[in-house]
Amino acid sequence: MSLVAKDVDVRRGARVTLRRVSLALHPGELVAVVGPNGAGKSTLLSVLAGEQATSLGEVLMDGRPLASWLPRERARRLAVLPQEASLGFGFLAREVVLLGRSPHLGGGTSGEDTRVALAALDATGTRHLAERSYLTLSGGERQRVQLARVLAQLWDAPARGPCYLLLDEPTASLDLAHQHLVLEEALRFAQSGGSVLAILHDLNLAARYAHRLAVLAGGRLVASGSPAEVLQPALIAETFGVRVEVLDRPGAPGPLVVPAAAAVRSPR
Amino acid sequence: MSVPDVAPAPSWGRRARGTLGPGLSWAVLGGLLVGVFLLAIAVGAVPVPPASLGGSVLAALGVDTAHRLEPVQEAVLLSIRLPRALLGMLVGAVLALSGAALQALFRNPLVDAGLLGTTGGAAVGAVSAILLDVALASRLGPLRALAVPGVAFLGALVATLLAYRLGVRGGRAEGPRVLLAGIAISAGASACVGLLISVASDAQLRSITFWNLGSLGGASWEAVRVAVVPLGIALVLLLREGSRLNLLMLGEREARHLGVDVERLQRRLILGTALGVGAAVAFTGTIGFVGLVVPSLLRLVLGPDNRRLLGATALMGAALLVGADVVSRTVVAPLELPIGALTSALGAPAFIALLARGRGRA
């Protein structure tokens, strides 16, 4: 049971944005996708989300081609947090989160759905925003409310079977405390049996929370493995063009990546 | 900054809505519609007093009463006022509902059939059909009554599809693009109508002029019988989509990930609005701003949830148009103000107020 991209190529016109990329998301796993800008991270996420057609290769969810799933069935086990959402109507934050329950609704909203929505608001630290109009929220607050919406979508799903949460830069506009809050919540989701794929820019956040790192560069998967395996100074210098020191601290939850003095060689 | 993490119940942030529960708002709007309807059948050159109307209804049920309608009152009521009020209700409900649906489709609270060019496309269709009527009348036979609404529907469909193709790219509705596309389509449509007018005969010209200003004056039982089919289908198609429209408002990607068959929903919305607006334009001409003002106003009170909003929008659109019709035929009696001019006179300032109010997002 897994979400798998097999030998995927994506071409847009003459440009190849993904080349021969294979990646599998297993239950209980948090995978962080890292890489420089334009490496194809978001393209890979949209391929796994079924938004982007592949030029070659295929995407399977639990053994079946992703495209063959009925939309509603798929929505009960695959949720996607886009990088930016464009909601131009004044729903209350609570109502936005309840929209995440719609793949489960029969007719109206049940008490169970309300309970889940409130729990998801709690989990993302947005309970106090529940009665605020989405339009009055700041960028970071909106992002957390959207995260609460996708968490609500898959709230009880890990207990019922495999399910997949795809997060496109979930920490992008968050302060330090909320970056950790959000990734802790993602990790908890994985620990309860779900699978998470998150695009992250901060290697230290990735090292701390991810079970596995997938490094993309130029549309290729250049490395995949545990944070300790992947975060090597040579690979980081090669991929990001930044010289770093990697500090291994005994007992710490992951290696620490620190840019060296005069670190930037050739920003791409 | 010492902002407490758990704020006290915020008294700001537009919490005014919710004070009027859905049940109450239905009662208020339903009562409003009934009141306006009674006014519409009572008021005019030949007054129909409600007491006599009640008496006649009772008499028809076999109860003997003193108050009865005069024969002329009865004739005016049955053959003029009743079909006119019914057509007004149907058209008003459909126009308002189409506005709400298009706003969700384009994820923009500031669009409606008029601004997108749907109305213009329908007018081109209707005018073309009038001009071709003479040429085709003999061949169409009984289908002739459907020619004008049918071609108006096609015009509305083409215009809406064009607005969608131009305004939405890669699943993202871009506000400025949508509105610019609407301006371009409307301009093209009015150019077409202008060209068609230049080849029209005098008699055709009179019918066409009526399209540009809008009027319920063409209402008759025959018109109601033909119009009720497309207008009714549009109402049924659009009223069912409340919860899916909510998800579409989140964004196309988001709706897809929440299990909505987005392409199918979009087809249904475009078809439903084109059918409704096409029929509305065919029978009553271009009546602007109803689709813009009614949903925006109701969103302020009920919030944006389309499950509550759509039914209320249809009720209020119906009440608004019938009310506007009463005003249009009484203020300068025995003449009639064009109802389209009246709704624009109400709608333009409301639109400006929406724009002025916090980035125009209701």
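Each chain gets a letter, A, B and so on, in the order its sequence line appears, and its residues count up from 1. Quantities reported herein were computed from a predicted structural model and do not represent experimental measurements.
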Looking only at non-hydrogen atoms, find the nearest pair between A/Ala49 and A/Val80 and report the distance.
-> CB-CG2, 3.7 Å

A/Ala130 portion near chain B, given a 4.5 angstrom heavy-atom threshold | neither

Quick one: CZ on A/Arg76 to CG on B/Leu258, what's the gap to the nearest 0.5 Å?
-> 12.0 Å

How far does CG of B/Asp305 sit from CZ of A/Phe89, to the nearest 0.5 angstrom?
-> 12.5 Å

Top of B/Arg256, B/Arg253, B/Arg244 for chain A proximity - count of heavy-atom pairs under 4.5 angstrom | B/Arg253

Quick one: closest heavy-atom pair of B/Leu250 and A/Gln146, and the distance?
-> CD2-NE2, 4.4 Å

Grab the two heavy atoms, one from B/Thr118 and one from B/Val277, that are nearest each other, plus how far apart they are.
-> CG2-CG1, 3.9 Å

Under 4.5 Å to a heavy atom of chain B? For A/Leu78 that would be backbone

Among residues 149-158 of chain A, residues within the sub-4.5 Å heavy-atom range of chain B, in order of number, are A/Arg149, A/Gln153

Between B/Thr343 and B/Gly288, the two heavy atoms sitting closest are OG1-O, 3.0 Å

Return the minimal non-hydrogen interatomic distance between B/Val293 and B/Ala350, and the atom names on each side.
-> CG2-CB, 3.8 Å

